[in-house]
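These notes concern the structure reproduced below.
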There are 2 protein chains.
Amino acid sequence: MQRKYNRIFLDIVSQIEQGVYQPNDLLPSEKTLSDQYQVSRDTVRKSLGLLEQNGYIQKSKGKGSFVLDTNKLDFPVSGVVSFKEINQRMGRNFETFVEELKCQPANEQLQKNLNLSSEERVWKLIRTRKIDGEKIILDKDYVVQKYVETLTEVICQDSLYQYIENTLGLKIAYANKEITMQMATDEDRHYLDLKKYDMVAVVRSYTYLDDTSLFQYTESRHRPDKFIFVDFARR
Amino acid sequence: MQRKYNRIFLDIVSQIEQGVYQPNDLLPSEKTLSDQYQVSRDTVRKSLGLLEQNGYIQKSKGKGSFVLDTNKLDFPVSGVVSFKEINQRMGRNFETFVEELKCQPANEQLQKNLNLSSEERVWKLIRTRKIDGEKIILDKDYVVQKYVETLTEVICQDSLYQYIENTLGLKIAYANKEITMQMATDEDRHYLDLKKYDMVAVVRSYTYLDDTSLFQYTESRHRPDKFIFVDFARR
DNA sequence: CAGTGGTCTAGACCACCAA
DNA sequence: TGGTGGTCTAGACCACTGG
C-alpha cells in the first residue's frame with residue numbers, strides 16, 4: 001500500500017496543473033477532502049502541508065486553502081536534483097560529455113572538504129554539458145569510493161544519481177549548497193564556450209546520504225548568461 | 001499558551017547549538033522525549049520535523065534522530081529574510097543609504113511584474129548597502145501602495161520588513177526568488193564600488209502576503225566577489 | 001453564528017534496525 | 001526480539017473568518 005498522504009498530494013498537484021483548480025480558487029475544506037478520499041483529517045493535513053511547502057497552495061486560518069499561481073516554476077534548480085532530472089522535466093535538448101574519470105587518493109583539499117583520512121580514495125569526475133549546441137556547464141564531482149565502489153563512463157554519461165539510488169540502493173537525503181561568482185579559470189576556458197565572459201557562476205554542493213555520511217562534493221560552473229537558480233521560500 | 005511543538009523545537013535547537021547534543025549524537029527517542037516534555041508523541045514529531053527541515057537532525061527509521069553538523073551558519077540568505085535580519089545575525093558592520101524614495105504610477109514593466117492596473121501606484125525605493133566601508137549591494141524595491149500606504153526615509157533606513165510586519169500588522173508569507181548574473185549597468189556603476197568587475201549577481205524576489213497578494217518586487221544587485229547564497233535542501 | 005484551519009492527544013499497526 | 005521512526009485514525013478544543 002502506497003502512502004495515502006502522498007497519493008492525495010500527487011492527485012491534487014495534478015488537478016492544479018491540469019487547471020481543475022485555478023489560481024485563487026479555494027480547495028475543498030479539510031473535512032470535505034477527508035470525506036472524499038475516505039481518510040482521516042490528519043492524513044489530508046499532511047498532503048496539504050506538502051502542497052504548501054512546495055508552493056502550490058497558501059493555507060489561511062478561518063478561510064481555507066488558496067491555490068497559488070505556479071506558472072513561475074521556471075527552472076527548479078532548487079532542492080537536491082540532478083542535471084538529468086532538471087532537463088527531463090524541462091524537455092530540453094542537452095548532451096553530457098565525460099571529460100575525465102579516475103579514482104585517486106584524496107588530496108589535502110578534498111580530505112578537508114569530505115572529512116576523509118589520507119588513505120581514502122575518491123572518484124574524480126569531470127563532465128561538461130552542452131545545451132543547444134554550446135558547452136555551458138562544467139561539473140566537477142568528487143565521490144567517496146567507500147560508498148561508490150565502481151564508476152564507469154557509461155554510468156556518468158547517463159545519471160550519477162539514478163545509478164547511486166536505483167542500482168546501489170543508497171538514499172540521497174540532503175545537501176548544503178553555496179552559490180558564488182568567480183573569475184573564470186584556464187580550466188573553465190578550456191572546457192566551456194565562454195565567449196566574452198570572464199566570470200562563472202559556481203554552485204558548490206555537499207551531498208549527504210540517509211545515514212548522514214557525506215559522500216560527494218560537487219562544483220558546478222556555469223557560463224553566466226545561461227545561469228539561473230530559482231527558489232520558493234517561506235518566511 | 002505558546003505552541004508546545006515550537007517551544008520544544010527551540011529548546012532542542014539551543015541544546016544543539018550549546019553542544020549539549022554533539023554532531024553524530026543520537027537524540028533521545030520520540031517516546032523518551034514525549035515523556036520528558038510531558039506531551040504526546042505526535043507533538044514531539046512536529047518538533048523533530050522542524051529540526052529536520054532546518055538541517056539540525058537527520059531522522060532514520062529503526063535507528064533514531066542524528067544530530068547534524070550545523071557549521072552551515074555561514075550566510076543564511078535562504079528563506080525570506082531581510083538584509084537587516086541577516087546582518088544582525090551575522091553581527092556585521094553595515095550601513096544602509098536611502099538613495100531614492102518616491103511614489104509613482106506603475107509603468108508597463110511593473111504592471112506586468114506586480115499584476116497591477118495602470119492607475120495603481122507603487123513606492124520606488126533605491127537603497128545601497130555599505131559593508132566594511134564599501135558599497136556592495138544595490139537594492140531596488142517596488143512596493144504596491146495599496147498595501148503600504150506611506151513610507152518614509154527613516155523607515156527605509158531601518159527595516160522595511162519590520163515596519164510592514166510590526167507596525168502595519170501585515171504578514172509576509174512567502175517569496176519566489178531568482179538568482180542570475182548580469183552585465184553591470186550604468187546605474188550599478190553609479191551606486192556601487194564595483195572596482196574592476198563588469199558583472200553583478202542579481203536576486204529578483206516576488207514577495208507575497210498571507211492572503212496571497214503580491215505586494216513587493218525587489219531586485220538586489222551585488223558585487224560579484226562579495227555575493228554568496230547558501231541553501232539547505234532535502235531530496 | 002457556523003465553518004475553517006491549528007494544535008494536541010492516545011492509541012494502533014507497520015517496516016526497519018541492531019543485538 | 002525489542003526499540004525505533006513512519007503512517008493512520010478518531011476525537012477534542014481552540015482561534016480566526018465571514019456573513
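Numbers restart at 1 for each chain; the letters A, B, ... are given by sequence-line order, proteins then strands.
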Just how far, in rounded Å, is [atom2] of [N] from [atom1] of [X]?
| X | N | atom1 | atom2 | value |
| --- | --- | --- | --- | --- |
| B/N6 | C/dT7 | CG | P | 9 Å |
| B/L33 | D/dG3 | CG | C1' | 14 Å |
| A/R3 | C/dC16 | CZ | P | 11 Å |
| A/L48 | C/dT4 | CG | C1' | 12 Å |
| A/Q58 | C/dT4 | CD | C1' | 15 Å |
| A/L50 | D/dG6 | CG | P | 14 Å |
| A/K46 | C/dG5 | NZ | P | 18 Å |
| B/I8 | C/dC8 | CD1 | C1' | 11 Å |

Counting only heavy atoms not in B/N24, do more than 12 fall under 6.0 Å of its CG? no
Apply side-chain hydrogen bond (donor to acceptor under 3.5 Å, both in side chains) to B/D35 and list each qualifying residue two or more places apart in sequence or on a separate chain. B/K31
For A/Q104, what residues pass the side-chain hydrogen bond (donor to acceptor under 3.5 Å, both in side chains) criterion, not counting sequence neighbours? none
Classify the angle between the aromatic ring planes of B/Y147 and B/F215 as parallel (below 30°), tilted (30 to 60°) or perpendicular (above 60°). perpendicular
On the nucleotide D/dT7, are OP1 or OP2 found under 4.0 Å from the side-chain N or O atoms that A/Y5 carries? yes
Extract from the structure each pairing of a protein N or O with an N or O of nucleotides 9-13 of chain C at less than 3.5 Å, listing the distance.
unit_1	atom_1	unit_2	atom_2	d
C/dT9	OP1	B/K4	NZ	3.0
C/dT9	OP2	B/S40	N	2.7
C/dT9	OP2	B/S40	OG	2.9
C/dT9	OP2	B/T43	OG1	2.6
C/dA12	N6	B/R41	NH1	3.4

Would you say the side-chain atoms of [X] and [Y] include a donor-acceptor pair closer than 3.5 Å?
| X | Y | value |
| --- | --- | --- |
| A/T96 | A/R129 | yes |
| B/D11 | B/Y37 | yes |
| B/R234 | A/Q53 | no |
| B/S213 | B/D211 | yes |

Treat primed atoms plus P, OP1 and OP2 as sugar-phosphate and everything else as base, then score nucleotides 14-19 of chain D 5' to 3': B for base contact with protein heavy atoms under 4.0 Å, S for sugar-phosphate contact only, - for none. --BSS-
Residues of residues 24-32 of chain A with any non-hydrogen atom less than 4.0 angstrom from an atom of DNA chain C: list those, numerically ordered, please. A/S29, A/E30
Assess whether a salt bridge exists between A/K171 and A/E165, defined as any Lys/Arg side-chain N lying under 4.0 Å from an Asp/Glu carboxylate O. no
Spell out, as yes or no, whether a donor-acceptor pair under 3.5 Å connects the side chain of B/T212 to the backbone of B/Y208. no
Residues in salt bridge (charged side-chain N to carboxylate O under 4.0 Å, His left out) with A/E30, at least two apart? A/R41, A/R45, A/K59
